[in-house]
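Side chains included, hydrogens not; waters and symmetry mates left out as well; all remaining heavy atoms used.
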Amino acid sequence: MDARRRDASPGVSWPARGQEPPRVRARAAHRHGCDPVVPAAKSAVRIGGRDVTLSNQDKVLWPAEGYTKGDLVKYYRSVAEWLLPHLRDRPLTLQRYPDGIDGPSFFEKQKPCFTPEWIATVKADASYSNGASKKIEYLLCNDEATLVWCANLASIVLHIWYSRAQSLDSPDFAFFDLDPFDCTVKTLATVALELRDTLEELGLHPLIKTSGGSGLHVVVPLRPLYDYDTVKAFGEIIARQIAHVRPKETTLERSIARRNKGTVYLDYVQVGRGKTMVPTFGVRARAGAPVSTPLDWSDVQALARKRASDPEVEFARFTMKNTPARLKREGDLWAGKHWREAKLEPAIKKAKRLWNQ
DNA sequence: TGCAAGG
DNA sequence: CCTTGCAGTAATTTC
DNA sequence: GAAATT
Ligand SMILES: [Mn+2]
Ligand SMILES: [Mn+2]
């Protein structure tokens, strides 16, 4: 299927193949000294000893805000110090928007053929459950130069595995994906707190962030000792328990048509080998250029007391524009002592004792 | 989007 | 140096 | 084979 129409906004027809918007080539040469400096179509930067060629830095990717590809590159560069630790050694999927957020996008897992040789990669089996054994050579974004190179490809959204190259089959966190289905922030936050209390009861210490969209991501750092099946099974046990305790506010129904409005979809299916999530400080291809941002649990408690409001609107306050300053001011809320790696066996044992038989 | 080909 | 045209880009799980 | 998800 052609992705060309899939991601374009409803009602907006995007030009067919070969009819994309003309590429502007502004020229920096042959201008008078007093003329305004027009950004060159191509430029080069040296980052950590690597030369990265940048192209079309003035191309607008967010039409409403006027944010350009140059702004995206500048953003990822400025948050590299805090973002890179989250990306390190994780197979990376790019979601590229060459014509901006209103145009079509495509995912890119296999390293492009023109990838510089200095970018780190890892080969991984494409499929795990079925027999097929196609190898994909994934990019690893381990330094600022690689991050900038990726951003220059109009990779607005980054997607990462839950495991790292050293232990590809063992996630180093359990992931709980909370997707609001037409529900309020109050409901979403209430469910998130129920999840937190449940995990704490099992001796685990979850962290929480916005997804950058309308949802929340809850994460329990783990020692990479368990395979994807185990971590997914654990996630399912928890999801079913939350759904049991909060039947009115949650759903486990994957089919949108069959979901009840006003609920939170507990998406435990989104855990597995080859599945991905948007990393902390990753940008989303949405209006306002929102950014996935760590929250304090006290923030979530405040949200649970708030009167009805739209999660997407609420979380839209964390953006590509204001995140660099926040990071320089406050750093990564998850950093340091917050990242305690847990073991899963005691939690599974306790969960069975509390809820089973 | 990058890039090869052609002018 | 510049313009034009072309190739190519995901995978998992559920229903 | 389509839908939903990232
Ligand atoms: Mn989600
Ligand atoms: Mn989801």
Participant: Report yes if a side-chain nitrogen or oxygen of K134(A) is closer than 4.0 Å to either non-bridging phosphate oxygen (OP1 or OP2) of dA11(C); otherwise report no.
Facilitator: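 Yes, because at least one side-chain N or O of K134(A) sits under 4.0 Å from OP1 or OP2 of dA11(C).
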
Participant: Kindly determine whether F176(A) and H217(A) satisfy ring pair (Phe, Tyr, Trp, His ring centres under 6.0 Å), including the steps that lead there.
Facilitator: CA-CA 6 Å; F176(A) 301 87; H217(A) 291 167; over 10 Å; no

Participant: Are any of the side-chain heavy atoms of Y268(A) and I238(A) separated by less than 4.5 Å?
Facilitator: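 Y268(A) vs I238(A): side chains apart.
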
Participant: Any base atoms under 4.0 Å from L94(A), or only sugar-phosphate, or nothing? Heavy atoms, all strands.
Facilitator: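 Counting heavy atoms under 4.0 Å across all strands, no contact is made by L94(A).
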
Participant: Which pairs count as salt bridge (Lys or Arg N to Asp or Glu O under 4.0 Å) when at least one residue sits in residues 148-168 of chain A, sequence neighbours excluded?
Facilitator: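 Every pair satisfying salt bridge (Lys or Arg N to Asp or Glu O under 4.0 Å) with a residue in residues 148-168 of chain A: R164(A)-D172(A).
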
Participant: On the 0 to 90° scale, with breaks at 30° and 60°, tag the H159(A)-F107(A) ring pair as parallel, tilted or perpendicular.
Facilitator: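 Judged by the thresholds at 30° and 60°, the geometry between H159(A) and F107(A) is tilted.
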
Participant: Tell me, which pairs form a salt bridge (Lys or Arg N to Asp or Glu O under 4.0 Å) where one or both residues lie in residues 283-292 of chain A, sequence neighbours left out?
Facilitator: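 For residues 283-292 of chain A, and leaving out neighbouring residues, the salt bridge (Lys or Arg N to Asp or Glu O under 4.0 Å) pairs sorted by first residue read R286(A)-E312(A).
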
Participant: Taking the nucleotide of DNA chain C with the closest heavy atom to each, which residue, G274(A) or E253(A), is nearer the 5' end?
Facilitator: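 The residue mapped nearer the 5' terminus is G274(A).
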
Participant: Atom CZ of R273(A) and atom P of dA11(C): how far apart are they, to the nearest Å?
Facilitator: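 R273(A) atom CZ is separated from dA11(C) atom P by 13 Å.
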
Participant: Starting at the 5' end of DNA chain C, which residue's closest nucleotide do you reach first, I136(A) or Y268(A)?
Facilitator: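 So the residue in question is I136(A).
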
Participant: Taking OH from Y228(A) and P from dT12(C), how many angstroms apart are they, rounded to a whole number?
Facilitator: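 One finds 12 Å between P of dT12(C) and OH of Y228(A), rounded.
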
Participant: Atom CH2 of W149(A) and atom C1' of dT1(B): how far apart are they, to the nearest Å?
Facilitator: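 Checked: the CH2 to C1' distance equals 10 Å.
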
Participant: When you compare dT9(C) with dC3(B), how far apart are their C1' atoms, in angstrom units rounded to a whole number?
Facilitator: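 Rounded to whole Å, the distance is 15 Å.
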
Participant: Crowded around K186(A) NZ? As in, over 12 foreign heavy atoms under 6.0 Å?
Facilitator: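 Enclosed.
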
Participant: Give every pair of a protein N or O atom and an N or O atom of nucleotides 2-6 of chain B that lie under 3.5 Å apart, one pair per line with the distance.
Facilitator:
from: dG2(B); atom 1: OP1; to: S55(A); atom 2: OG; distance (Å): 3.0
from: dG2(B); atom 1: OP1; to: N152(A); atom 2: ND2; distance (Å): 3.3
from: dG2(B); atom 1: OP2; to: S55(A); atom 2: OG; distance (Å): 3.2
from: dG2(B); atom 1: N7; to: R23(A); atom 2: NH1; distance (Å): 3.0
from: dG2(B); atom 1: O6; to: R23(A); atom 2: NH1; distance (Å): 3.3
from: dG2(B); atom 1: O6; to: R23(A); atom 2: NH2; distance (Å): 2.4

Participant: Under 3.5 Å between N/O atoms: give me all the protein pairs with nucleotides 4-6 of chain D, atom names plus distance.
Facilitator:
from: dA4(D); atom 1: N3; to: R254(A); atom 2: NH1; distance (Å): 3.1
from: dT5(D); atom 1: OP1; to: R259(A); atom 2: NH1; distance (Å): 2.8
from: dT5(D); atom 1: OP1; to: R259(A); atom 2: NH2; distance (Å): 2.5
from: dT6(D); atom 1: OP1; to: D177(A); atom 2: OD2; distance (Å): 3.1
from: dT6(D); atom 1: OP1; to: D179(A); atom 2: OD1; distance (Å): 3.1
from: dT6(D); atom 1: OP1; to: D179(A); atom 2: OD2; distance (Å): 3.1
from: dT6(D); atom 1: O4'; to: Q270(A); atom 2: NE2; distance (Å): 3.2

Participant: Choose from dT1(B), dA10(C), dA11(C) the nucleotide whose nearest atom is closest to any side-chain atom of E108(A).
Facilitator: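 Of the options given, the side chain of E108(A) lies nearest dA10(C).
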
Participant: Could you measure between the two P atoms, the one in dG8(C) and the one in dA5(B), and give it in whole Å?
Facilitator: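 Looking at atom P only, dG8(C) and dA5(B) are 14 Å apart.
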
Participant: Show me the side-chain donor-acceptor pairs of residues 114-121 of chain A shorter than 3.5 Å, one per line, residues at least two apart or across chains.
Facilitator:
from: T115(A); atom 1: OG1; to: P112(A); atom 2: O; distance (Å): 2.6
from: T121(A); atom 1: OG1; to: E137(A); atom 2: OE2; distance (Å): 2.7

Participant: Please list, in numerical order, the residues of residues 238-252 of chain A that have a heavy atom closer than 4.0 Å to any atom of DNA chain D.
Facilitator: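 Close to the strand, none.
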
Participant: Any donor-acceptor pair under 3.5 Å linking the side-chain atoms of Q57(A) with those of D71(A)?
Facilitator: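 The criterion, which ignores hydrogens and geometry beyond distance, is not satisfied for Q57(A) and D71(A).
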
Participant: Output the rounded distance in Å from OH (Y162(A)) to P (dA11(C)).
Facilitator: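 It works out to 16 Å between those atoms.
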
Participant: So do the side chains of Y162(A) and V219(A) get within less than 4.5 Å of each other, counting heavy atoms only?
Facilitator: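 Contact flag for Y162(A)/V219(A) side chains = no.
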
Participant: Test H205(A) against every option in R196(A), E341(A), E200(A) by the side-chain hydrogen bond (donor to acceptor under 3.5 Å, both in side chains) rule and name the one that passes.
Facilitator: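 Exactly one pass, corresponding to E200(A).
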
Participant: Would you say K209(A) and S292(A) are linked by a side-chain donor-acceptor pair, where the criterion is simply a distance under 3.5 Å?
Facilitator: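 Their side chains do contain a donor-acceptor pair, which is all the 3.5 Å distance test asks for.
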
